[in-house]
Amino acid sequence: MFSSVILNRHTFTRALLFAVFQNIIYKYNGIYSTLSWKIFIYGMNLFSRRAMNNISGQFRKTTWDPILIISQIVAVQTVMYFCLGIWIWIIASLLGSTKSLDYAFQYKEIHVRDFGGQLVIVIFILNALVGALALWWLVQRTKQCMDFACTAHLIHLCCCWAYNASFPTSFSWWSLNTVSLSIMCVCGEFLCMRTELQAIPLGMNNQKTAL
């Protein structure tokens, strides 16, 4: 049984890593292939089945599991970038512009001077809500939401740094990502806390109070 769990974790990690690199690097224009979509769905289903089995009326045991943590980081990042790619495709279609990763990683695209820049800000805010749902679905721990949210935005910082070949100094970029981090963390903690409270068994109705 232990070997099958390890195999599933390795399969999940390889599948998601393949989807990330194929969708983000090789599909530069944001066009997602059917094969990548199937691999992504397979990885999400594989992980969600294992994660949801932990919610059975009691809390999950806290153990150091680096493979699970790395898998969760990759899963959260994949969900966020995949949905961000969908938002980019929508706004690029509305604006009639070329579908490009510049909307996701280019500093100069984040501004309020015109309608296009305002739409980019809106999709990042919406994507923060998607990130909160990813934390609730994949992490399921209130006290870990801040760690995973900060990790996701740190990875995004590194990606933007590599994409622009320069460290971000734009005030609008830092402001947007700070707001995005806050929304993702707070909403994720709220959703996870509700799930954890529902998992607490309440047996007071079946017990008599001794006076």
Side-chain angles (χ1 to χ4, degrees), residues 1-2 4-21 23-24 32 36-87 104 123-160 176-201:
M1 179 179 179
F2 180 79
S4 63
V5 172
I6 296 297
L7 180 60
N8 287 339
R9 289 174 179 171
H10 284 290
T11 303
F12 165 76
T13 304
R14 288 196 300 269
L16 285 186
L17 285 175
F18 181 81
V20 170
F21 283 109
N23 285 324
I24 296 178
Y32 297 91
S36 298
W37 171 255
K38 290 182 178 179
I39 294 175
F40 174 76
I41 292 299
Y42 168 75
M44 291 295 100
N45 289 336
L46 179 64
F47 187 86
S48 61
R49 286 197 301 268
R50 182 179 180 276
M52 289 305 172
N53 289 333
N54 293 322
I55 304 178
S56 57
Q58 53 186 339
F59 291 109
R60 186 176 65 190
K61 295 182 179 180
T62 302
T63 57
W64 171 249
D65 193 343
I67 297 179
L68 177 61
I69 293 174
I70 293 174
S71 300
Q72 288 174 322
I73 292 174
V74 174
V76 171
Q77 203 72 31
T78 302
V79 170
M80 293 185 66
Y81 276 160
F82 184 84
C83 292
L84 185 60
I86 295 177
W87 297 122
I123 66 171
F124 270 93
I125 298 299
L126 293 176
N127 209 57
L129 298 176
V130 173
L133 292 175
L135 293 178
W136 170 66
W137 181 34
L138 298 170
V139 179
Q140 302 176 357
R141 298 298 297 273
T142 302
K143 65 180 183 179
Q144 293 181 352
C145 286
M146 180 175 290
D147 297 335
F148 279 90
C150 291
T151 302
H153 284 77
L154 179 61
I155 293 174
H156 181 64
L157 169 63
C158 295
C159 292
C160 291
L176 176 60
N177 281 273
T178 301
V179 172
S180 175
L181 171 61
S182 302
I183 293 176
M184 179 178 175
C185 182
V186 172
C187 294
E189 287 180 349
F190 173 76
L191 293 173
C192 291
M193 186 177 295
R194 288 191 59 183
T195 302
E196 289 178 356
L197 291 176
Q198 291 176 357
I200 298 177

Would you say E196 and T142 are linked by a side-chain donor-acceptor pair, where the criterion is simply a distance under 3.5 Å?
yes
Kindly say whether L176 contributes a backbone atom to a donor-acceptor pair with the side chain of S180 at under 3.5 angstrom?
no
Would you find a donor on one side and an acceptor on the other, under 3.5 Å apart, between the side chain of E189 and the backbone of K143?
no
Would you please test R141 and F148 for side chain to side chain contact (heavy atoms under 4.5 Å, CB included) and show each step?
CA-CA 10 Å; R141 298 298 297 273; F148 279 90; over 6 Å; no
Between [atom1] on residue [X] and [atom2] on residue [Y], distance to nearest 0.5 Å:
| X | Y | atom1 | atom2 | answer |
| --- | --- | --- | --- | --- |
| L126 | I123 | CG | CD1 | 8.5 Å |
| I155 | H153 | CD1 | NE2 | 11.0 Å |
| C185 | I183 | SG | CD1 | 11.5 Å |
| I70 | D65 | CD1 | CG | 9.5 Å |
| Q77 | T151 | CD | OG1 | 9.0 Å |
| L181 | N177 | CG | CG | 8.5 Å |

Please find the pair of heavy atoms, one from [X] and one from [Y], that lie closest to each other, and give the distance.
| X | Y | answer |
| --- | --- | --- |
| M184 | A152 | CE-CB, 4.2 Å |
| V130 | C83 | CG1-SG, 3.5 Å |
| L135 | C145 | CD1-O, 3.8 Å |
| L138 | Q72 | O-NE2, 3.2 Å |
| N127 | M80 | ND2-O, 3.1 Å |
| L191 | A132 | CD1-O, 4.1 Å |

Could you go step by step and tell me if C150 and L154 meet the side chain to side chain contact (heavy atoms under 4.5 Å, CB included) rule?
CA-CA 6 Å; C150 291; L154 179 61; over 6 Å; no
Are the side chains of R194 and W136 in touch, meaning some heavy atoms are under 4.5 Å apart?
no
Are V139 and C192 side-chain neighbours, meaning at least one heavy-atom pair lies under 4.5 Å?
no
